[in-house]
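Below: one structure, written as structure tokens.
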Amino acid sequence: MDNRQIAAIFARMADILDIQGENPHRIMAYRRAAENIAALSRPLEEIWRAGELDSIPGIGKTLAEKIDELMRTGRLEAYEKLRAQVPDGVVEMLQVPDVGPRKAALFWKELGITSIAELEEAARAGKLRSLPGMGVRSEEKVLAGIEALKRRSGRIPLGTAWELARALLEPLRELPGVVQAAPAGSLRRMRETVGDLDLLVAAEDPEPVMARFRSLPQVAEVLLSGTTKTSIRTHDGYQADLRVLPPARWGTALQYFTGSQAHNIRLRGLAQDRGLSLSEYAIKREDGTEILCATEEEVYAALGLPLIPPELREDRGEIEAALAGRLPDLLELSDLQGDFQFHTTLSDGRASLWEMAQAAHAAGLKYAVVSDHSRGLGVAHGAGPEELRRQRAEVEEVNRRMGGTFRVLTGVEVEVRADGSLDLPDEVLAELDIVVAAVHSGLRQPREQFTARAIAALRHPHVDILAHPTGRLLGQREGADVDMEAVLRAAAETGKAVEINAHPWRLDLNDVGIRRAIELGVLLAISSDSHDPEDFGLLHFGVAMARRGWASPAHILNTRSAEEVLAWTRRS
DNA sequence: GCCGTTTTCGGCCCGACTGTTTTCAGTCG
């Protein structure tokens, strides 16, 4: 049983208990446990074997016993009992927007509805409106929610959300009276996917801002609109929430709406300990007087904390670290001196080596590794030994023309075959500065086989970096089923680096993997994987993932100079 | 169900918006 499965069981138990109207704090305890387990960087099974379950926040005696039962037997009696009491379809109704535990229970108990399909049928037949607390409007909202659920393609990949937020905020920023405008929520925390957009504007008069927001061309539907909050759905089916607050309250507002919810709950607890109450509007003293915070620094300072960077705000130990004065010295984009992957027209890139080198230099880098695909990746017109030799000559020429201001390092993104071997001869690989090994095919191989392939690549003497270790494409393709713990241990043992692919469709290794890699002493290499001169601008997404994984400059290969990197490749 | 030098019991974050209500429950974040 892996962490995700066990987290899913506890989350499901919370949903069932919620529908049953259980004690909300007991429900919260299950939810919190599920979230903390999902966020663990170590396998839960390892923690269980070591008898250290009580070290996980939110896991007490009872839940530890339940984990023990799951690990030993693969089953959980309490879970099976709960599932027998509430049909799965009733729990699934919670996915419908505006249907919560109370209404799901109402529909089930009063009308015997046990699936979303039955719910839709009942709503169309006008059977919901006569239920207590319901009406025609509520019935319409249920139908609209079901429609939205059908359209919903899941969470928004970070890169898409980033661009959409920029497009929605730009026109608001230009309005008179708007002092600040910024994304908040999981987008500001740079989670790999974003549920919906949280946008924040500081202005004394909210109404003109709300009006402009409602009239933006991207808006398909206004879901709700009040004096402080407006929610819309875009034509692409994404939801965006805009909040407008006075500039003097910007700090509390930005802090609050950045979240995460778990982080904020902890912060409110700290406020209570100090006799304070924290909300998006202000910090309130017990006598009712307000402390206004125009910056987030002031909010954290009032609670006796240094500013915690948004990427860390997940209640994954950052509050304890902040209290102890041990927040990590997080990596910054400006720490990067180089990039470990870009492509040219030799394979599937869209620009020449010269154009790419200039773009990388313009992006502030001092060096970059040209890493065209090897021949094995047919779709990308991969390069063979002869093409790579010719490219080496071209690299020398480009480096000469750059006049010492920038250096291209020779390299390749060599294909790892299904059996774990590489599709270029050793003598070709030996001539290159950097060898990046990548798996692009056979992602559906069984876990053991895929893991063995990745480890074989890491053990190859000429390989320096393992690229995008799961091969996932966010929102399009699941990554391979891989024993990441084993792969990271192999990287640690061989002294090889693992890639953080910065492309917003990949973000692979992800934040949890990065944090574990750092714990195991694995070096990480951030790659833009640029196929176009503009793509070097994507590196900040990779930096964001590294920050979410608590990375400092020392953990990241890119912070070293080209000479230091070359010295590292000559490691024994 | 978790958690704790102010507690091993009694707390557990806070507010907006909507719809069905006449003072509030439900949902969401």
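Convention: sequence-line order gives letters A, B, ...; per-chain numbering from 1. We use all heavy atoms of the structure for the numbers below, so side chains are in, but hydrogens, waters and symmetry mates are not. Remember, predicted model here, so these are calculated numbers, not experimental data.
- Between A:Phe541 and A:Trp162, the two ring planes are perpendicular [angle over 60°; tilted spans 30° to 60°].
- Comparing B:dG11 with B:dT7, their P atoms are spaced 14 Å from each other, to the whole Å.
- B:dG4 and B:dC14: their C1' atoms are spaced 23 Å apart (whole Å).
- Taking 4.0 Å as the cut-off between side-chain N and carboxylate O, A:Glu147 and A:Lys150 count as a salt-bridged pair.
- Nucleotides B:dT21 and B:dA16 are separated by 24 Å at their P atoms, to the nearest Å.
- Residue-level contact check: A:Thr227 touches the backbone only, with heavy atoms under 4.0 Å from sugar-phosphate atoms and none from bases.
- B:dT8 and B:dC2 have their C1' atoms separated by 12 Å, given to the nearest Å.
- Anti is the conformation of B:dT5, whose glycosidic angle sits further than 90° from 0.
- Taking every nucleotide of DNA chain B with any atom under 4.0 Å from a non-hydrogen atom of chain A, the first and last of them, 5' to 3', are B:dG1 to B:dG29.
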Between side-chain atoms of residues 202-209 of chain A and protein atoms elsewhere (two or more places apart, or another chain), which donor-acceptor pairs fall under 3.5 Å?
unit_1: A:Asp205; atom_1: OD1; unit_2: A:Glu207; atom_2: N; d: 3.4
unit_1: A:Glu207; atom_1: OE2; unit_2: A:Arg214; atom_2: NH2; d: 2.9

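- The salt bridge (Lys or Arg N to Asp or Glu O under 4.0 Å) test applied to A:Asp88 returns A:Arg12, A:Arg83, not counting sequence neighbours.
- Taking the nucleotide of DNA chain B with the nearest heavy atom to each of A:Thr230 and A:Arg243, the more 5' of the two is matched to A:Thr230.
- For A:Arg188 and A:Glu296, the salt-bridge test passes: some basic side-chain N is under 4.0 Å from an acidic carboxylate O.
- Applying a 4.0 Å cut-off to non-hydrogen atoms, none of the residues of residues 108-122 of chain A approaches DNA chain B.
- When the ring-ring contact (aromatic ring centres under 6.0 Å, His included) test is applied to A:Tyr256, no partner is found at least two apart in sequence or on another chain.
- Looking at heavy-atom distances under 4.0 Å, A:Arg26 makes contact with a base.
- A:Phe10 and A:Tyr30 have perpendicular rings, their planes meeting at more than 60° on a 0 to 90° scale where under 30° would count as parallel.
- The separation of B:dT20 from B:dG26, taken at their C1' atoms, amounts to 11 Å, rounded to a whole angstrom.
- The side chain to side chain contact (heavy atoms under 4.5 Å, CB included) test with A:Leu305 is passed by exactly one of A:Val299, A:Leu323, A:Leu327: A:Leu323.
- Only the P atoms considered, B:dC17 is 37 Å distant from B:dG10, to the nearest whole Å.
- Remark: the backbone N or O of A:Leu106 is not paired with any side-chain donor or acceptor of A:Glu110 at under 3.5 angstrom.
- The pair A:Glu519-A:Arg516 meets the salt-bridge criterion, with a side-chain N (NZ, NE, NH1 or NH2) lying under 4.0 Å from an Asp/Glu carboxylate O.
- For B:dT8, there is no paired base (Watson-Crick or G-U wobble, both distances below 3.5 Å).
- Summary of the strand contacts: A:Ala104 and A:Ser225 both lie near DNA chain B, and taking for each the nucleotide with the nearest heavy atom, the more 5' one is attributed to A:Ser225.
- Applying the 6.0 Å contact sphere to CD of A:Gln20 captures more than 12 heavy atoms from other residues, nucleotides or ligands.
- Heavy-atom contacts from other residues, nucleotides or ligands closer than 6.0 Å to CZ of A:Arg75 number 12 or fewer.
- Contacts between residues 256-284 of chain A and DNA chain B, defined by a heavy-atom separation under 4.0 Å, are made by A:Tyr256, A:Gln261, A:Ile265, A:Arg268, A:Gln272, A:Ser277, A:Leu278, A:Ser279, A:Glu280, A:Tyr281.
- Note on A:Pro101: only backbone sugar-phosphate atoms sit closer than 4.0 angstrom, heavy atoms only; bases stay farther off.
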